[in-house]
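In what follows, chains are A, B, ... by sequence order, proteins preceding strands, each numbered from 1. Model, not experiment: these values are computed from the prediction. Below, each value reflects all heavy atoms present in this structure, side chains not excepted, and no hydrogens, waters or symmetry copies.
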2 protein chains.
Amino acid sequence: MLEERYHHGDLRQALLAIAKQQLTSQGFETLSLRAISREAGVSHAAAYRHFPNKEALVAALACAGFEQLKAFVEAEVMQHSADPREQFFQCGIAYVQFALHNAPLFRVMFGVSGVDRLHYPATHAAAQASFGVLVGTIQRGQAAGLIGAGELRQLAFTAWAAVHGLATLALQDQITSQQGAIDSERLVRNSAKLLWNGLKYGQT
Amino acid sequence: MLEERYHHGDLRQALLAIAKQQLTSQGFETLSLRAISREAGVSHAAAYRHFPNKEALVAALACAGFEQLKAFVEAEVMQHSADPREQFFQCGIAYVQFALHNAPLFRVMFGVSGVDRLHYPATHAAAQASFGVLVGTIQRGQAAGLIGAGELRQLAFTAWAAVHGLATLALQDQITSQQGAIDSERLVRNSAKLLWNGLKYGQT
DNA sequence: CCTCTATGTTGACAGTGGTAACATTGCTGA
DNA sequence: TCAGCAATGTTACCACTGTCAACATAGAGG
C-alpha cells in the first residue's frame with residue numbers, strides 16, 4: 001500500500017507518464033504542467049525540480065516518442081527480413097501507422113510545440129536514430145543490388161520526406177478517402193512504388 | 001491625419017495584419033490576442049467582435065497563408081509554361097521556398113495550432129485551392145503525354161506529400177546540408193526526378 | 001548525531017483567453 | 001430630422017497558466 005510520502009521516488013518518470021497520457025487523451029494544446037502535477041498528486045512547482053521548464057518536459061516526451069517510433073518500425077521491418085523491397089515498403093507503412101495511431105505524440109515530435117530540437121541533444125539523437133532504421137533498410141537494398149547507387153543519406157532523406165509528408169497530411173484530414181477511413185497501407189504503397197521505380201532506374 | 005476614433009473602421013483586417021506581422025517576427029507560441037489588440041490600439045476584448053476566439057483568428061491567418069501560397073506557386077509555375085516537366089519541378093521548388101521563407105506562417109497553416117481545418121470552411125477551401133495548382137500541373141503533363149495515366153488526384157497527392165515532407169523536415173533543421181544552408185532547389189529536384197521517373201514508367 | 005543536498009511545498013506575480021455589463025457610434029426607417 | 005437599434009469598443013472580472021523565490025522536509029554521508 002502506497003502511503004503518502006514527501007518524496008515521490010521517481011517523480012520524473014511519473015510526470016512523463018502522466019504527460020503522455022494526458023497528451024493522447026486531450027491533445028497538446030491543453031497540456032499543462034499544473035494539471036500533470038495535480039494528477040501526480042504533487043504540488044504545481046515540483047516539476048521544476050526535474051525539468052527546467054515546460055518546453056523541456058515536452059522535449060523529453062518527444063524523445064520518448066522517437067524511441068517508440070524506432071522500436072515500432074524496426075519490429076515491423078524485421079517481419080520481412082527476406083525481401084528488401086518489402087522491407088522498404090514496410091518502413092513507410094509502419095511510419096504512417098504510428099503517426100495515425102499516436103497522432104498527438106507524433107505532432108509533438110514534429111514541431112507542434114515549436115521546440116528547437118537542436119537545443120535538446122537527447123531528443124535530437126533519438127530522432128536521428130529512428131531515421132537510421134530507414135537508412136539501414138535502403139542500405140540493405142543497395143547491398144542486394146536491388147537499388148541503384150546514389151548518395152545513401154540523400155536517398156533515405158527523400159524517402160523519409162515522402163512518407164513523412166503522407167503522415168502529416170493524413171493527420172490533418174487533408175486526405176479523406178471516399179470510404180471515410182484512411183487506408184494508410186494503400187497510400188504508402190502507391191507512393192513507395194513510385195520511389196522504388198525511380199531508385200531502380202537511377203536518379204539521373 | 002488619423003484621429004482617435006471610437007470605431008476603428010476595419011479592425012478585422014488590421015488585427016489580421018498585425019497578427020501576421022507578430023507571427024513572423026516572434027513565432028506562433030508567443031502570439032497573443034492581447035498583444036495584437038494592444039498593437040492595434042484597441043482594448044483586448046475588441047477582437048471578440050470579429051473572431052469568436054483565438055483559434056478562429058489563427059484559422060483566418062492560415063486561410064490567408066494558403067491564398068498567398070497558391071498565388072506564389074502559380075506565379076512561379078507560369079514562368080515555365082512551355083515545359084510540363086519543368087512546371088512540375090517548379091511547383092515543388094516554389095512550395096519549399098515558400099515554406100522556408102514564411103516558416104511560422106507555414107507552420108500555422110499545417111497544424112501547429114491544432115486547428116481542425118474542417119471546422120473552418122474558408123480555410124479548408126483555400127487549402128484545397130492551393131492543392132489545385134499541383135493537380136493542374138500534373139494534368140497538363142498527362143495531356144502532353146509526358147506522364148503515364150493513373151488516378152490524377154492520387155498522383156497529385158503523392159507528389160504533394162513528397163514535397164510537403166521535404167518542406168516540413170527542412171523547417172525543423174532535421175536536414176542540415178554540409179554547407180549549412182539548405183539548397184532547397186537541389187533538394188526538390190532530387191526528389192522530383194525520382195517521382196517523375198516513377199510516373200513515367202507507370203505505377204505498377 | 002549533524003549537516004548538506006535533493007526534493008517537494010507555499011505563495012506570489014505577470015500574463016493569457018474568455019465573458020458579461022456597459023458605452024459609444026452610425027445607419028435606417030418613420 | 002431624429003429616435004432607436006444593431007454593430008462595435010471598453011471596462012472589469014474570472015479561472016487558469018508558467019515561472020520564481022522562500023521555505024520545509026527527508027534522506028544520505030561524514
Could you give the side-chain donor-acceptor pairs of residues 93-102 of chain B under 3.5 Å, partners two or more places apart or in another chain?
from: B:Tyr95; atom 1: OH; to: B:Trp160; atom 2: NE1; distance (Å): 2.9
from: B:Tyr95; atom 1: OH; to: B:His164; atom 2: ND1; distance (Å): 2.9
from: B:His101; atom 1: ND1; to: B:Gln97; atom 2: O; distance (Å): 2.8
from: B:Asn102; atom 1: ND2; to: B:Phe98; atom 2: O; distance (Å): 2.9

Exercise for review: Check each residue of residues 13-25 of chain B for a non-hydrogen atom within less than 4.0 Å of any atom in DNA chain D, then write out the ones that pass by number, or none.
Suggested key: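 Of all residues in residues 13-25 of chain B, none places a heavy atom under 4.0 Å from DNA chain D.
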
Please report, rounded to the nearest Å, how far the [atom2] atom of [N] is from the [atom1] atom of [X].
| X | N | atom1 | atom2 | value |
| --- | --- | --- | --- | --- |
| B:Leu33 | D:dT17 | CG | P | 18 Å |
| A:His50 | C:dT9 | NE2 | C1' | 13 Å |
| A:Tyr48 | D:dG18 | OH | C1' | 4 Å |
| A:Asp10 | C:dA6 | CG | C1' | 14 Å |
| B:Arg49 | C:dA20 | CZ | P | 11 Å |
| B:Phe51 | D:dG9 | CZ | P | 11 Å |
| B:Glu29 | C:dG17 | CD | C1' | 17 Å |

Practice item. Would you give the length of the straight line joining atom CE of B:Met109 to atom CD of A:Gln172, rounded to the nearest 0.5 angstrom? Key: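 Result: 10.0 Å between the selected atoms.
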
Exercise for review: State which residues pass salt bridge (Lys or Arg N to Asp or Glu O under 4.0 Å) with A:Glu39; sequence neighbours excluded, sorted by chain then number.
Suggested key: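 With sequence neighbours excluded, A:Glu39 shows a salt bridge (Lys or Arg N to Asp or Glu O under 4.0 Å) to no residue whatsoever.
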
Review point. Partners of B:Glu86 by salt bridge (Lys or Arg N to Asp or Glu O under 4.0 Å), sequence neighbours excluded?
Key: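 So B:Glu86 forms a salt bridge (Lys or Arg N to Asp or Glu O under 4.0 Å) with B:Arg189.
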
Practice item. Consider the side chain of B:Asn53, meaning its heavy atoms from C-beta on, and name the nucleotide among C:dT9, C:dG18, D:dT10 that approaches it most closely. Key: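 Comparing C:dT9, C:dG18, D:dT10 against the side chain of B:Asn53, the answer is C:dG18.
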
**Study point:** B:Leu11, nearest nucleotide to its side chain (from D:dG9, D:dG18, C:dG8)
**Key:**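 Selected nucleotide (nearest to the side chain): D:dG9.
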
Using atom names, set out every protein N or O paired with an N or O of nucleotides 11-15 of chain C below 3.5 Å, distance rounded to 0.1 Å.
from: C:dG11; atom 1: O6; to: A:His44; atom 2: NE2; distance (Å): 2.7

Point to revise | A:Val58 side chain reached by A:Tyr120 side chain, heavy atoms, under 4.5 Å | key: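 A:Tyr120 does not reach A:Val58 side chain to side chain.
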
Not counting sequence neighbours, which residues clear side-chain contact (heavy atoms from CB on, under 4.5 Å) with [X]? List them please.
| X | value |
| --- | --- |
| B:Ala122 | B:Cys63 |
| A:Pro84 | A:Ala144, A:Leu146 |
| B:Thr30 | B:Gln26 |

Side chains of residues 65-77 of chain A: which donor-acceptor pairs under 3.5 Å do they make with residues two or more places apart or in other chains?
from: A:Gln68; atom 1: OE1; to: A:Lys20; atom 2: NZ; distance (Å): 2.7

Check your understanding: Which residue, A:Thr30 or A:Pro52, contacts DNA chain D at a nucleotide closer to its 5' end, judged by nearest heavy atom?
Key ->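 Nearer the 5' end of the strand: A:Thr30.
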
